[in-house]
Colleague: 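After the structure tokens below, expect a handful of questions from me.
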Protein chains: 2
Amino acid sequence: MSDTPAARSSAARGGARSTDLPPDMRRTSQRRAILQALDEAAGPLTPHQLLERAAAIQGSLGLATVYRNLATLEEAGEIVAVHLPNETRRYELAGRGHHHHFRCDQCEGVFELATTCPVAVLEGVTLPGGYEVRGHALTLYGVCPRCRDA
Amino acid sequence: MSDTPAARSSAARGGARSTDLPPDMRRTSQRRAILQALDEAAGPLTPHQLLERAAAIQGSLGLATVYRNLATLEEAGEIVAVHLPNETRRYELAGRGHHHHFRCDQCEGVFELATTCPVAVLEGVTLPGGYEVRGHALTLYGVCPRCRDA
DNA sequence: TTGAGAATGAGAGTGCGTTCTCAACAAGCC
DNA sequence: GGCTTGTTGAGAACGCACTCTCATTCTCAA
């Protein structure tokens with residue numbers, strides 16, 4: 001647990017990020033648990049994963065609370081939604097810069113990658129056919145280290 | 001209509017591809033209309049788009065027929081499903097080789113790209129962290145030529 | 001031409017992610 | 001401590017993509 005991407009990213013930001021809430025937002029235990037779960041994750045989480053992990057931190061909480069807080073926190077710019085092909089929406093903490101995700105074919109987990117983006121070269125380019133590129137979505141698939149070693 | 005990607009791809013394959021059905025599959029007018037609609041499209045289509053376009057070719061047909069044929073044709077290897085982030089499943093004719101898609105932010109259309117793949121370099125590579133890459137999904141976003149000129 | 005059975009169409013049904021409702025609770029200002 | 005009001009939890013409700021049902025129609029081998 002000491003060198004997971006989550007542990008590293010948490011350390012890089014100085015730890016107790018989960019208390020950084022906009023001033024007009026009440027600091028409830030549920031909200032803090034949701035942010036803590038996102039902070040400790042190695043990649044973006046689905047609402048159901050978040051429900052599970054936040055419940056492990058906080059006691060128990062309702063699915064409606066998770067959805068409500070995701071909407072509120074996204075609007076406040078604290079978190080961002082992550083869409084992967086053929087997957088339900090996931091969420092991760094905002095402010096992590098441009099990065100992509102890796103999805104393990106075996107455990108179906110999604111992880112944040114630190115690899116430099118191979119698609120950046122196309123940004124702003126007009127492709128043959130006249131398509132003006134303004135953004136991209138890249139997901140890598142394969143086997144995560146945990147599943148390979150298992 | 002004479003130089004769309006669809007027209008070009010159709011011409012490249014010699015035209016009346018839509019009659020190439022597996023021998024154990026009955027050649028109904030609905031089935032032919034579905035394949036013709038896919039053949040004439042500039043990119044993958046959703047079941048509803050397909051319903052609309054096949055109906056324009058054939059008269060009218062039911063949504064269940066579209067879904068049933070998509071499943072049958074996919075199983076037969078005639079078509080492939082295309083998953084884009086935050087979009088419902090789309091379908092395109094099989095055998096078009098490795099390519100990616102461009103989604104227009106304005107008209108929300110999805111187009112097939114002929115651009116060489118910038119991610120191929122990562123195929124088979126093990127990334128820092130131990131992630132073994134075995135595949136990828138890339139979608140480019142921006143403005144299509146039609147919307148830019150409009 | 002005919003008959004078996006594959007395919008169709010319309011609409012009801014299903015599954016799943018997400019949102020709404022409303023009474024009870026709790027954060028935070030006075 | 002008391003009060004205001006934002007927040008919560010449980011479950012019903014919703015929306016949408018997709019599948020099933022079944023009577024009818026159509027394809028195609030014999």
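Hydrogens, waters and symmetry mates play no part in the numbers below; they use all other heavy atoms, side chains included. A, B, ... follow the sequence lines: proteins, then strands. Residue 1 opens every chain.
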Colleague: What closest approach, in Å, do A:L63 and A:P47 show between heavy atoms, and which atom pair accounts for it?
Modeller: CD1-O, 4.4 Å
Colleague: For A:E52, look at atom CD and say whether over 12 heavy atoms of other residues, nucleotides or ligands are found less than 6.0 Å away.
Modeller: no
Colleague: Is the ring pair A:Y131/B:F102 parallel, tilted or perpendicular, if the boundaries are 30 and 60 degrees?
Modeller: tilted
Colleague: Expressed as a whole number of angstroms, how long is the span from B:L35:CG to C:dA7:C1'?
Modeller: 15 Å
Colleague: With a cut-off of less than 4.0 Å, is there a side-chain N or O of A:Q30 near OP1 or OP2 of D:dG9?
Modeller: yes
Colleague: Only pairs at least two apart or in different chains count here, so list each salt bridge (charged side-chain N to carboxylate O under 4.0 Å, His left out) that has a residue in residues 55-71 of chain B.
Modeller: none
Colleague: Please check if the number of heavy atoms outside B:E123 that lie under 6.0 Å from its CD is greater than 12.
Modeller: yes
Colleague: Can you give one letter per nucleotide of nucleotides 17-26 of chain D, 5' to 3': B if a protein heavy atom sits under 4.0 Å from the base, S if only from the sugar-phosphate, - if neither?
Modeller: SSBBB----B
Colleague: Rounded to the nearest Å, what distance is computed from the CD atom of residue B:Q49 to the P atom of nucleotide D:dC16?
Modeller: 16 Å
Colleague: Expressed as a whole number of angstroms, how long is the span from B:M25:CE to D:dA29:C1'?
Modeller: 18 Å
Colleague: Looking at residues 100-108 of chain B, who's got a heavy atom less than 4.0 Å off DNA chain D?
Modeller: none
Colleague: Applying a 3.5 Å limit to both distances, which nucleotide forms a Watson-Crick or G-U wobble pair with D:dA30?
Modeller: C:dT1
Colleague: Nearest whole Å is fine: how far is C:dT8 P from B:I34 CD1?
Modeller: 7 Å
Colleague: Let's go through B:R134 and B:E132 carefully: what are the C-alpha distance in whole Å and the side-chain angles of both, what is the deciding distance for salt bridge (charged side-chain N to carboxylate O under 4.0 Å, His left out) to 0.1 Å, and is it a yes or a no?
Modeller: CA-CA 6 Å; B:R134 295 189 181 167; B:E132 277 186 26; 3.2 Å; yes
Colleague: Let me know the distance between CG of B:D24 and P of D:dC28, rounded to the nearest Å.
Modeller: 12 Å
Colleague: Taking it one step at a time, do B:L127 and B:L122 satisfy side chain to side chain contact (heavy atoms under 4.5 Å, CB included)?
Modeller: CA-CA 8 Å; B:L127 298 176; B:L122 290 182; 4.1 Å; yes
Colleague: Measure the distance from CG on B:L73 to C1' on C:dA6 and round it to the nearest whole Å.
Modeller: 14 Å
Colleague: Base, sugar-phosphate, or nothing for B:S29, non-hydrogen atoms under 4.0 angstrom?
Modeller: nothing
Colleague: Take atom CG of A:L70 and atom C1' of C:dT19, then tell me their distance rounded to the nearest Å.
Modeller: 13 Å
Colleague: Might you point out which heavy atoms bring B:P128 and A:T115 nearest each other, and give the distance in Å?
Modeller: CD-OG1, 4.4 Å
Colleague: Just the rounded figure in Å: distance from P of D:dT27 to CG of B:N69.
Modeller: 13 Å
Colleague: Parallel, tilted or perpendicular for A:H136 and A:H100, by the 30°/60° rule?
Modeller: tilted
Colleague: If only side-chain N and O atoms of A:R31 are considered, is one of them under 4.0 Å from the OP1 or OP2 phosphate oxygen of D:dT8?
Modeller: yes
